[in-house]
Amino acid sequence: MSVYAQSKNNTKPFIVVLDAGHGGKDPGRPTSYGYKEKDIVLDITLMVGKNLEDNEGIEVIYTRDSDVFLELRERASIANKADADLFVSIHCNAHNSQAHGTETFVLGLHRNESNFRIAKQENEVIFLEEDYEANYEGFDPSSAESIIGLTLLQEDYLDQSILLASKIQKNFTENLKRKNRGVKQAGFWVLHNTYMPSVLVETGFITNKKEGDYLNSSKGKTEISKSISEAILSYFLSLNGVSVNNIKSEEKNLNNEIKFKVQIAASSKKIRLKSHNFKGLSSLSREKYGKIYRYLYGETKNYSSALKMQEEAVFLGYKDSFIVAYEKNERIPIEKALKTKTK
Ligand SMILES: [Zn+2]
């Protein structure tokens, strides 16, 4: 049996971690209308999970499924331990004005711009994906290096996080006619600490009487949860569907400027490209990104071949390896590459 065939048999489900914000002694945002964020988001989250569980190939894990208190660290840790493919944190917004509307956040770098620069200069942050557990244990939230290390890591998932966030906002806006406040970036702690595509959804303002009424109603909860689960499903299908489309279009693919590689590791250390340094993998390449070296395996014009290479890398122990795309030797978002190729 080939390496590829063996790893194929171990295909794990697509794991979605759903995180209902707050809970227990932490009720969430204050409101004068009596709505409780922790209760509303728990209902929505459980409904999202129920919608998703009906789909083959998807496994749902809840950070909480009852009214209990959880630390932020525990939420991220649940997702990381499960080796989840997606982390979705669900909240309600609040403001002392009558602001309303929905917004979805992905991790932003800009808040830590100066820390980021310093940490990059000092760069003692080493993160080899396969050693990630060890790094996480040493995580110190007050240390810029710790945060930056994770930020760099999460940055690799930014395109995917934005893709999901856009789908969620699109559903809220087009299907539910909610006011669209957009996809935004901010330094949410819980997003800093997950190592998979992650978003935080603000489903609306419970400090706005009308929107609070809606969010607290069973109609509102049903509609909001449907929008979120359909966006997650669409994201899941796009990840799995592209390979099928691509196999079909492979033969007639004339755009040979797009190519794919598999990123297996990143480190501040310059490691020699010898296969014994990389679990026996050959056709290795290295590229510099700031003070970090990215280590890549293989090179192909076919996305389906890239998927096979990724499975091989995963099988050999690079379980967090992922496919990256290039156009004219410039790295581009994977979605853009696939769009260009399947045009
Ligand atoms: Zn919240």
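Order of appearance sets the numbers: ligands from 1, and atoms from 1 within every ligand.
- Between Arg178 and Glu211, at least one side-chain nitrogen of the basic residue sits less than 4.0 Å from a carboxylate oxygen of the acidic one, meeting the salt-bridge criterion.
- Classification of Lys226 and Glu230 as a salt-bridged pair holds, one side-chain N sitting under 4.0 Å from a carboxylate O.
- A salt bridge does not link Asp159 to Lys336: none of the charged nitrogens lies less than 4.0 Å from a carboxylate oxygen.
- Salt bridge annotation for Lys38-Asp67: present, with a cationic side-chain nitrogen under 4.0 angstrom from a carboxylate oxygen.
- Between the side chains of Tyr318 and Gln310, no donor-acceptor pair is found at a separation under 3.5 Å.
- Taking distances strictly below 2.8 Å, the protein N/O/S atoms close to the Zn ion (ligand 1) are His22 NE2, Glu37 OE2, His91 ND1.
- The structure places OH of Tyr214 at 5.5 Å from NZ of Lys219, a figure rounded to the nearest 0.5 Å.
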